[in-house]
Colleague: 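To start, I am sharing the structure in question, which I have written as structure tokens.
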Amino acid sequence: MEKRSRDFIRETIDSDLASGKHSEIVTRFPPEPNGYLHIGHAKSICTNFGIAREFGGKCNLRFDDTNPVKEETEFVESIKGDVEWLGFKWDNLYFASDYFDRMYLLAEQLIVMDLAYVCDLSPEDTKVYRGFASKPGRNSPFRNRSIEENLDLFHRMKNGEFPEGSRTLRAKIDMASPTMCLRDPAMYRILHRSHHRTGDKWCIYPMYDFAHCLEDSTEGITHSLCTLEFESNRPLYNWYLEKLDIFRSRQIEFARLNLSFTVLSKRFLRKMVEEGLVNGWDDPRMPTLSGLRRRGIPASSIRNFCSIIGLAKRNSTVDIALFEHCIREELNKTAPRVMSILNPVKLVIENYPEDRTEHFDYVVNPEDESAGTRPTPFTRELYIERDDFMEDPPKKFFRMGPGREVRLRYAYLVTCTGIIKDEDGNITEIKCTYDPETKGGNAPDGRRVRGTLHWVSAANSFPVEVRLYDRLFNKGNPLDTEEGEEFTSSLNPDSLAVVTNCMVEDHMGKNKPGFVCQFERKGYFSIDPESTSERMIFNRTITLRDSWKKLKEKKK
RNA sequence: UGGGGCGUCGUCAAAUGGCAAGACACAGGGUUUUGGUCCCUGCAUUUGGAGGUUCGAAUCCUCCCGCCCCAGCCA
């Protein structure tokens with residue numbers, strides 16, 4: 001484990017442990033099951049589960065399912081799968097809805113304490129009575145009902161005697177408070193909706209502020225970690241726990257993750273899914289965990305990324321290049337190398353016997369000696385990458401060109417002797433001769449060859465489909481839009497390019513979806529779940545760094 | 001506007017009154033049978049600004065400026 005300076009949350013926990021305030025740390029990850037998890041949630045998951053693990057404590061997975069109109073079972077299943085995939089195990093699996101009975105009782109208790117009342121104001125009037133930030137609100141005309149009446153009304157709310165929106169249960173706090181959420185916040189609203197877990201048992205549902213602190217408290221959560229936008233809710237969080245005199249969980253807020261060149265908001269991700277701008281929540285271009293997983297990104301690189309970015313209270317946007325770095329770093333160490341030709345052109349070695357096949361030792365992963373070598377077949381007819389040849393190459397281009405000698409990786413040095421074109425001028429074949437003295441790729445006379453090309457044997461390869469993904473947006477901050485413009489206007493039209501008839505080595509046929517490898521000189525690729533034995537599909541997880549491309553672009 | 005937060009390199013982010021870490025990005029160079037990896041080198045005389053306290057300030061004090069959050073019967 002590398003040494004990192006501690007963040008403010010871990011420091012707080014350190015001192016809570018040192019002071020004896022707590023002897024065991026309990027955290028929780030509390031998603032609302034109304035969408036798929038994305039990499040922003042990964043930061044929260046890694047924080048909550050990571051801290052529990054580091055301090056030898058516990059972390060619960062708890063679904064905050066207090067709003068039946070937006071929540072679905074589909075999402076709870078995907079969320080569980082995502083958390084597990086990320087590499088974490090929850091100590092307990094809970095649902096806020098498990099606590100509905102207890103919450104109801106606690107609400108009654110507040111009524112009895114004259115700290116809550118049933119309010120008949122319409123949503124519109126409630127808003128009017130609330131006042132403004134700079135202007136105090138006015139008390140609801142229903143604020144002084146008797147405890148008995150409140151109890152009765154609340155009971156009847158629960159029994160479904162009133163229509164949706166007609167009444168709420170409100171905490172009696174202070175309509176003049178400069179903290180807006182203390183101006184008699186709603187605790188319960190009437191919703192004649194069936195809930196994904198409790199069915200039609202309830203027609204009143206608790207509001208977030210009332211519910212969340214109770215959930216934390218009943219689970220004995222010591223440190224309730226959440227994002228900055230809940231900072232202003234903290235006084236209310238504390239108010240409920242204090243008035244009810246139950247276990248005081250402590251809420252601590254940290255800055256949520258923002259990532260450049262993408263968007264991390266359930267609302268916008270949902271919009272892209274619903275409008276068909278992407279192919280579902282698990283589209284490999286999506287920043288969702290299911291999308292990243294499908295793309296071939298290892299969970300470990302996401303975890304590492306989350307640890308590198310740190311935890312602080314300052315709003316910030318992490319450069320997606322840092323995430324890409326974490327992906328490459330991991331894959332470089334672990335991905336087996338393979339030679340695949342994305343855009344093939346035939347290369348014929350004129351002086352190589354037609355009936356001959358040689359096998360060369362191929363290093364599976366130069367970063368991992370234990371991965372060993374494997375034999376790879378070499379024949380007279382090969383495929384090479386079309387852009388590894390230029391008819392009129394510039395001096396800095398050290399790949400193939402007329403009369404040029406290059407190395408075929410692990411095989412021989414070959415010299416280009418000519419090309420064949422079709423009537424449209426497209427190159428259909430490149431001819432060359434090989435030097436039999438250079439077997440393995442080195443010349444006995446010591447002559448230097450700068451270019452090394454990858455290749456596949458035409459007779460020992462088969463065509464596959466490859467999906468080349470790029471950044472989803474071509475603007476650093478897609479949300480920074482012009483007047484009347486939507487964030488979708490900066491969607492990158494080239495974020496997906498489907499290429500068919502790419503040639504891969506025969507042995508690749510035995511691999512299954514999820515398999516990740518490096519196509520040498522091209523990038524990391526993984527087998528898509530849609531892949532079949534008839535039609536293999538590879539997703540480009542990420543390109544290799546490409547200083548040649550950078551050089552070319554700089555020239556322009 | 002009332003309240004709550006936050007300002008340290010292009011981007012994240014340390015430094016907790018003692019002489020501005022690190023990572024990514026970027027720029028050079030070296031090694032290389034992946035234009036990959038790896039290895040060197042450079043990259044904030046200054047911490048939003050102005051004053052003040054101090055031998056000494058990113059850290060403490062004052063004022064100012066900027067950005068974010070709250071005014072759902074969402075979470």
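Sequence lines set the chain letters: A, B, ... in the order given, protein chains first and strands last, and positions in each chain run from 1.
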Colleague: What is the nucleic acid contact for A:Thr317, judged by heavy atoms within less than 4.0 Å: base, sugar-phosphate only, or nothing?
Modeller: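 Sugar-phosphate only.
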Colleague: Measuring to OP1 and OP2 of B:A75, would you say a side-chain N or O of A:Thr66 lies under 4.0 angstrom away?
Modeller: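 Checking A:Thr66 against B:A75: at least one side-chain N or O falls below 4.0 Å of OP1 or OP2.
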Colleague: May I ask you to say what A:Lys127 touches in the nucleic acid, namely base, sugar-phosphate or nothing, with a heavy-atom cut-off under 4.0 Å?
Modeller: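 Sugar-phosphate contact only - A:Lys127 comes under 4.0 Å of backbone atoms but never of a base.
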Colleague: Would you say A:Lys70 places a side-chain N or O within less than 4.0 Å of OP1 or OP2 belonging to B:A75?
Modeller: no
Colleague: Under 4.0 Å, counting only non-hydrogen atoms across every strand here, what does A:Pro235 touch: a base, just sugar-phosphate, or nothing?
Modeller: nothing
Colleague: Identify whether any heavy atom of A:Leu169 sits under 4.0 Å from a base atom; if not, whether one sits that close to sugar-phosphate; answer base, sugar-phosphate or nothing.
Modeller: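 The answer is nothing, as A:Leu169 stays clear of every strand by at least 4.0 Å.
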Colleague: How would you label the contact of A:Tyr205 with the nucleic acid (heavy atoms, under 4.0 Å): base, sugar-phosphate, or nothing?
Modeller: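 Result for A:Tyr205 = nothing.
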Colleague: If we take the P atom in both B:A58 and B:U41, what is their distance in whole Å?
Modeller: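 Here B:A58 and B:U41 have their P atoms 27 Å from each other.
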Colleague: Would A:His454 and A:Arg521 count as having a side-chain donor-acceptor pair, cut-off 3.5 Å?
Modeller: yes
Colleague: Counting Watson-Crick and G-U wobble pairs only, both distances under 3.5 Å, name the nucleotide matched with B:G2, or none.
Modeller: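 By the stated definition (distances under 3.5 Å), B:C70 pairs with B:G2.
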Colleague: Is any side-chain nitrogen or oxygen of A:His454 closer than 4.0 Å to OP1 or OP2 of B:U34?
Modeller: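 Looking at the OP1 and OP2 atoms of B:U34, neither is under 4.0 Å from any side-chain N or O of A:His454.
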Colleague: Do A:Lys158 and A:Tyr104 form a cation-pi contact, if we require the NZ or CZ to be under 6.0 Å from the six-membered ring centre and within 45 degrees of the ring's axis?
Modeller: yes
Colleague: Report yes if at least one side-chain N or O of A:Arg183 is closer than 4.0 Å to OP1 or OP2 of B:A71; otherwise report no.
Modeller: no
Colleague: Can B:G72 be described as syn, meaning its chi torsion is within 90° of 0, or is it anti?
Modeller: syn
Colleague: Which nucleotide sits closest to the side chain of A:Ile309: B:C24, B:C12, B:G35?
Modeller: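 Among B:C24, B:C12, B:G35, the one nearest the side chain of A:Ile309 is B:C12.
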Colleague: Does a side-chain N or O of A:Arg267 approach OP1 or OP2 of B:A75 to a distance below 4.0 Å, or not?
Modeller: no
Colleague: The side chain of A:Ala321 lies closest to which of these nucleotides: B:G35, B:C24, B:G4?
Modeller: B:C24
Colleague: Cation-pi check, A:Arg167 to A:Phe162: give yes when NZ or CZ is under 6.0 Å from the six-membered ring centre and within 45° of the ring axis, no otherwise.
Modeller: yes
Colleague: Quick check on RNA chain B: between A:Glu229 and A:Glu164, whose nearest nucleotide comes earlier from the 5' end?
Modeller: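 Counting from the 5' end, the first nearest nucleotide belongs to A:Glu229.
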Colleague: What residues from residues 441-453 of chain A pass a heavy-atom cutoff of under 4.0 Å to RNA chain B?
Modeller: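 Only A:Gly441, A:Asn442, A:Arg450, A:Thr452 qualify.
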Colleague: Within 45° of the axis and under 6.0 Å from the centre of the six-membered ring of A:Tyr129, does NZ or CZ of A:Arg138 qualify?
Modeller: yes
Colleague: Is A:Arg314 close enough to B:A13 that one of its side-chain N or O atoms is under 4.0 Å from OP1 or OP2 there?
Modeller: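 True: A:Arg314 side-chain N/O within range (under 4.0 Å) of B:A13 OP1/OP2.
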Colleague: When the P atoms of B:G48 and B:U59 are considered, how many whole Å apart are they?
Modeller: 8 Å
Colleague: Remember a base hit wins even if backbone is also touched, and classify A:Asn233 as base, sugar-phosphate or nothing at under 4.0 Å, heavy atoms.
Modeller: base
Colleague: Centroid separation under 6.0 Å, is that true for the rings of A:Phe95 and A:Phe63?
Modeller: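 Ring-ring flag for A:Phe63/A:Phe95: true, centres closer than 6.0 Å.
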Colleague: Reckon A:Phe397 touches a base, only the sugar-phosphate, or nothing at all at heavy-atom distances under 4.0 Å?
Modeller: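 Contact class for A:Phe397: base.
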Colleague: Using the P atom as the point on both nucleotides, what is the distance between B:G51 and B:U47, in whole Å?
Modeller: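 The answer is 12 Å between these two P atoms.
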Colleague: Any side-chain heavy atom of A:Ser260 sitting closer than 4.5 Å to one from A:Asn477?
Modeller: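 No, every pair of side-chain atoms sits at 4.5 Å or beyond.
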Colleague: Which part of the nucleic acid does A:Arg399 contact within heavy-atom distance under 4.0 Å: base, sugar-phosphate only, or nothing?
Modeller: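 Base contact.
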Colleague: Counting any heavy atom closer than 4.0 Å, what does A:Met207 reach on the DNA or RNA strands: base, sugar-phosphate only, or nothing?
Modeller: sugar-phosphate
Colleague: Taking only the P atom of each, what is the distance from B:U45 to B:U8 in whole angstrom?
Modeller: 15 Å
Colleague: Does the structure show a Watson-Crick or G-U wobble partner for B:C60, both distances under 3.5 Å? Name it, or say none.
Modeller: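 B:G52 - that is the nucleotide pairing with B:C60, both distances being under 3.5 Å.
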Colleague: Name the nucleic acid region contacted by A:Arg130, choosing base, sugar-phosphate or nothing; use a 4.0 angstrom heavy-atom cut-off, strictly under.
Modeller: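 It contacts sugar-phosphate atoms only.
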Colleague: Under 4.0 angstrom, heavy atoms only, what part of the nucleic acid is A:Phe323 near: base, sugar-phosphate, or nothing?
Modeller: nothing
Colleague: Pick base, sugar-phosphate or nothing for A:Ala411, based on heavy-atom distances below 4.0 Å to the nucleic acid.
Modeller: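 The answer is nothing, as A:Ala411 stays clear of every strand by at least 4.0 Å.
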Colleague: In whole Å, what separates the P atom of B:A21 from that of B:U16?
Modeller: 12 Å
Colleague: Within the pair A:Arg337 and B:U34, is there a side-chain N or O less than 4.0 Å away from OP1 or OP2?
Modeller: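 Answer is no, no contact under 4.0 Å.
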Colleague: Mind checking if A:Glu231 touches a base, just sugar-phosphate, or nothing, with heavy atoms under 4.0 Å?
Modeller: sugar-phosphate
Colleague: So, is A:Arg189 close to the B:A75 phosphate, meaning a side-chain N or O under 4.0 Å from OP1 or OP2?
Modeller: yes
Colleague: B:C67 and B:C74: how far apart are their P atoms, nearest whole angstrom?
Modeller: 31 Å
Colleague: Students often get this wrong, so: under 4.0 angstrom with heavy atoms, is A:Gln518 touching a base, only sugar-phosphate, or nothing?
Modeller: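 Base: the residue A:Gln518, judged by heavy atoms under 4.0 Å, touches a nucleobase.
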Colleague: Using a cut-off of less than 4.0 Å, is there contact between a side-chain N or O of A:Thr126 and OP1 or OP2 of B:G72?
Modeller: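 Looking at the OP1 and OP2 atoms of B:G72, neither is under 4.0 Å from any side-chain N or O of A:Thr126.
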Colleague: When the C1' atoms of B:G17 and B:C69 are considered, how many whole Å apart are they?
Modeller: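 So the two C1' atoms sit 32 Å from each other.
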Colleague: Taking the side chain as everything from C-beta on, heavy atoms only, tell me whether A:Met508 gets closer than 4.5 Å to A:Val456.
Modeller: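 Result no, sub-4.5 Å side-chain heavy-atom pair not found.
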Colleague: OP1 or OP2 of B:A13 sitting under 4.0 Å from any side-chain N/O of A:Ser316?
Modeller: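 Result: yes.
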Colleague: Please measure how far the P atom in B:U46 lies from the corresponding atom in B:G35, and state the result in whole Å.
Modeller: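 My reading of the P atoms in B:U46 and B:G35 gives 43 Å.
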Colleague: By nearest nucleotide on RNA chain B, pick out whichever of A:Asp546 and A:Lys135 is the more 5' one.
Modeller: A:Lys135
Colleague: Would you say A:Lys550 places a side-chain N or O within less than 4.0 Å of OP1 or OP2 belonging to B:C26?
Modeller: yes
